[in-house]
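Written out below as structure tokens is the structure these notes cover.
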Amino acid sequence: MNTRQATPDDADELILLRAVMLRTFGRDDWNDDWREPARRSLVRRLGAAEPTLAAFVVDRPEGGGLAACAVGAVEERLGNPHNPEGRVGYVFSVSTHPDMRRRGYSRACVEALLEWYRDQGVNSVHLTASPDGEPLYTSLGFTRTLDPAMRVRL
């Protein structure tokens with residue numbers, strides 16, 4: 001199976017796969033207003049000279065789009081005793097097209113993304129797991145944390 005690093009030319013397909021992932025959360029307030037700003041962000045960030053965002057993909061075997069993807073970014077936070085440099089990876093979009101599932105494509109994409117993080121000097125990677133995705137992430141070494149995460153919308 002071939003994984004490859006996505007380019008700005010993959011932005012439209014990455015948005016389609018992100019919509020597949022987001023739909024699994026079953027929210028009632030769905031709209032498509034996010035798609036174009038997200039596509040522009042992908043084009044800009046994937047094409048950056050020193051990217052802090054990467055996506056790894058598997059092309060559909062028969063051609064015509066992507067089968068799966070894993071997208072993540074590097075954030076710089078203040079260092080701490082466990083991470084003096086403060087560089088943290090965050091995985092925020094792992095998705096497989098529904099007719100391409102159970103073939104190991106997401107695993108291959110996440111593994112490639114984790115290798116990219118290693119190459120970037122990142123030693124801590126975070127993600128939010130759906131119940132369906134948790135077994136994959138656990139098998140790759142992710143564990144539940146005790147962090148009391150909170151959020152506010154501004």
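Atom set for the values below is all heavy atoms of this structure, side chains included, hydrogens, waters and symmetry mates excluded.
- Between the D10 side chain and the T7 main chain, a donor and an acceptor come within less than 3.5 Å of each other.
- At distances below 3.5 Å, not a single donor-acceptor pair connects side-chain atoms of Y117 with backbone N or O atoms of A112.
- A side chain to side chain contact (heavy atoms under 4.5 Å, CB included) with V57 is found for one member of T3, N2, L14 and no other, namely L14.
- Both L113 and F142 are members of a single hydrophobic cluster when ILVMFWY side chains are connected at heavy-atom separations under 4.5 Å.
- Counting only heavy atoms from C-beta outward, the side chains of W34 and I15 approach each other to under 4.5 Å.
- The environment of CD in E75 is crowded: more than 12 heavy-atom neighbours from other residues, nucleotides or ligands sit within 6.0 Å.
- If you take CD on Q120 and CD on E115, they are separated by 10.5 Å, rounding to the nearest 0.5 Å.
- Shown here for E13 and G65, the closest heavy-atom pair between the two residues is OE1-CA, 3.5 Å.
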### Task
Would you sort out whether V74 and W116 count as a side-chain contact (heavy atoms from CB on, under 4.5 Å), showing the intermediate values?
CA-CA 10 Å; V74 176; W116 180 79; 3.7 Å; yes
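- In the hydrophobic clustering of ILVMFWY residues, with side-chain heavy atoms under 4.5 Å counting as a link, L46 and L16 come out apart.
- In terms of heavy atoms, L136 sits closest to S139 at O-OG, 2.7 Å.
- Residues A129 and R144 approach most closely at O-NH2, 4.1 Å, considering heavy atoms.
- Across N80 and N83, no two heavy atoms sit closer than the pair OD1-N, 2.8 Å.
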Donor-acceptor pairs are to be reported for all side-chain atoms of residues 90-97 against protein atoms at under 3.5 Å, with residues two or more places apart or in another chain.
| unit_1 | atom_1 | unit_2 | atom_2 | d |
| --- | --- | --- | --- | --- |
| Y90 | OH | T128 | OG1 | 3.0 |
| S93 | OG | R18 | NH1 | 3.4 |
| S95 | OG | L17 | O | 2.8 |
| T96 | OG1 | S106 | OG | 2.4 |
| H97 | ND1 | D99 | N | 3.4 |
| H97 | ND1 | D99 | OD1 | 2.7 |

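- If you chain together hydrophobic residues whose side chains sit under 4.5 Å apart, M100 and V58 fall into the same group.
- Nearest approach of N123 to H82, heavy atoms of both residues: ND2-O, 4.1 Å.
- Taking hydrophobic clusters as Ile, Leu, Val, Met, Phe, Trp and Tyr residues chained together by side-chain heavy-atom distances below 4.5 Å, M21 shares a cluster with L53.
- By the rule that hydrophobic residues join a cluster once side-chain heavy atoms approach within less than 4.5 Å of another member, L22 and L127 end up as members of separate clusters.
- Taking CZ of R45 as the start and OG1 of T52 as the end, the distance is 4.5 Å to the nearest 0.5 Å.
- The side chain to side chain contact (heavy atoms under 4.5 Å, CB included) check on T138 picks up E134, with sequence neighbours excluded.
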### Task
May I have the step-by-step check of salt bridge (Lys or Arg N to Asp or Glu O under 4.0 Å) for D132 and R101, ending in yes or no?
CA-CA 12 Å; D132 289 342; R101 291 185 177 151; over 6 Å; no
